[in-house]
2 protein chains.
Amino acid sequence: MAVTAEEVLATYDSLAEIEAEFDDVETEIIRHQYTLSKDLYVKRAQIVAKIEHFWPLVFEQAPMDIDEFIQPSDSQIILGALKSIDVKRFEIDTPVEGGDPRSVSIRFEFEENDHFENKVLEKKFWWRHGKDGFVGYVSEPVDIKWKAGKDLTNGLLSLAKAAWEEEKATPKKEGKEKKELTPKQKELKEKLEAEATGAESFFCFFGYIGERVSAEENIEALKKEAEDRKKRQAGEEVEDDDEEMKEDENEEDWEDEEDLDIFPQGDTVAMAIADDLWPNALKYFTQAQESDDLSDDEDDESEDDEEEEDGDKPNKKHKACAHGCKH
Amino acid sequence: MAVTAEEVLATYDSLAEIEAEFDDVETEIIRHQYTLSKDLYVKRAQIVAKIEHFWPLVFEQAPMDIDEFIQPSDSQIILGALKSIDVKRFEIDTPVEGGDPRSVSIRFEFEENDHFENKVLEKKFWWRHGKDGFVGYVSEPVDIKWKAGKDLTNGLLSLAKAAWEEEKATPKKEGKEKKELTPKQKELKEKLEAEATGAESFFCFFGYIGERVSAEENIEALKKEAEDRKKRQAGEEVEDDDEEMKEDENEEDWEDEEDLDIFPQGDTVAMAIADDLWPNALKYFTQAQESDDLSDDEDDESEDDEEEEDGDKPNKKHKACAHGCKH
């Protein structure tokens, strides 16, 4: 069974190169698809605005990656006050150096509700490359103006935001010391350790930060990757040891950052919204209509498939995930 | 909460039209992506051929949509004898009237093994539209030359194949009578009712048929859809009642066909292979490497996310499904 390190290393460079080439294709595809469907999403927004509770109904059918984080008190707000969702790939709309078409902003519009003042909650996720080899979504906490005694995050979100501001204001120390926490970070860590139940409000999602990768570091990392790639293409040696060392050194650091994140799966949820819930909203809406007629069609996959109606079928492809995840 | 029938019907036509437009975009994107990545997949095949057990390792990490159907005795063969997988979008490679870029052929290559003679098992999935509104994958049973006493499907696959041949040879009756089963179909139905344990071999996948939609019916249905679409665009009435009537009439018929299918989720598995396992094989391979290092990283999602290493990160997007489905 075992694949020896030699075997892997022998082809490691060509694997890395081919992965980079697949990544280039995907980047172009995301860009192309966004351009082709942009106007359609505007049209869709105009149509679904006429359908009462469209987005709440869609959210009711949310795939497991999202649904698992929605507490009863959250869905009360979502079902009652969610007016619309909008997803934009802001680094396609406004290109910047090192920008990536994967970067998304997710905008929730709410009706007047008795939990918070905000009419709009918008969170940006930047797709960035770190010098340590990390690639993924990073974000910044977005605070919510909760009404008195209505904070579903029980102060976590505001504290996460405050800790983030403090972290930004504190000059980043290098080496060992860099893991020293600021007062607010300590406070946040203690609060999390003391209160975290694993059933935090979905609204903690707005507190997700992820890895600390600045726009500058992203640009540097992309340059380094491009150089390494050129080297590999030229058959030159790329120092992996150095990189792996960086990773190890960083591992603990990451864990610290994870400890401080009030919603560590924020990136997964952002992807599930941007790549599944948003593009497939019409299909989830159809599902919502049908789940009224079809009893327990969500508890058993084969049932589900059997009872599926044709309105649903065109979408099986899109729903491969939603399907799989329902269980 | 409730969306009244009026509200839905009021915007039904525009929803149908926008869905059709999104579908057009998706069709172009699938075609474009296939064209852009075709050569890369050839390159990848050459590289991974040098890595012992590449595909078995990928299969070990298969997303839940596939994994849930793999019995221990199946994985013994897959781990021991699976040489390669190839996925082609044969109706892009060779366009035909009514062809769709979603149509895929999945080709498994095996080493000499003690269970069956076949070196290659290839199954085609046609993406077709039915006159009753169905849209999805249909296929034909592919038999396996099992060695004596080694049939993991316990005769199911060969019987499904025989029943299918008999069905094709029998002139399709119309109206009520059309649900009359042929002798082999009766035999298959009885065998399934008697023996089906829900833990059938993954190799029953090769017996999947799905809806009975011929190439001719597909072409007719596409024409009808195009006409309806023109009507909607011209603001004319499209007879939904007629269509719904067809659906109801068909519903039972479908159930019959489901009863006769030895692997009713064949379409879901085909999608999971073509749209996830195949394009993301390198990432699943990386995961396989890592899961050696990382203990129990598959039992807990947040664990998983925390412990994820950067080699993995670029792929979180692709793996949104694999992630969600691991649980």
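Just so you know, these numbers use all the heavy atoms, side chains as well, and skip hydrogens, waters and symmetry mates. In what follows, every chain begins at residue 1, and chains take the letters A, B, ... in the order their sequences are listed.
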Open item on the list: If I measure from the heavy atoms of chain A, does B:Gln46 come under 4.5 Å with its side chain, its backbone, both, or neither?
Closed with: neither
Task: Option that, when pairs with chain A are counted at under 4.5 Å, heavy atom only, ranks first among B:His32, B:Glu28, B:Arg44 - done: B:His32
Open item on the list: Exactly one of B:Tyr208, B:Phe263, B:Phe59 should register a ring pair (Phe, Tyr, Trp, His ring centres under 6.0 Å) with B:Phe69. Which one does?
Closed with: B:Phe263
Task: Atom CD of A:Gln76: over 12 foreign heavy atoms under 6.0 Å - done: no
Open item on the list: Let's test your reading of the structure: which of A:Val25, A:Leu40, A:Leu36 forms the most heavy-atom pairs below 4.5 Å with chain B?
Closed with: A:Leu40
Task: Electrostatic pair B:Asp24:B:Arg229 at N-O distance under 4.0 angstrom - done: yes
TODO: Indicate whether the side chain of B:Arg102 and that of B:Thr27 have a donor and an acceptor atom separated by less than 3.5 Å.
DONE: yes
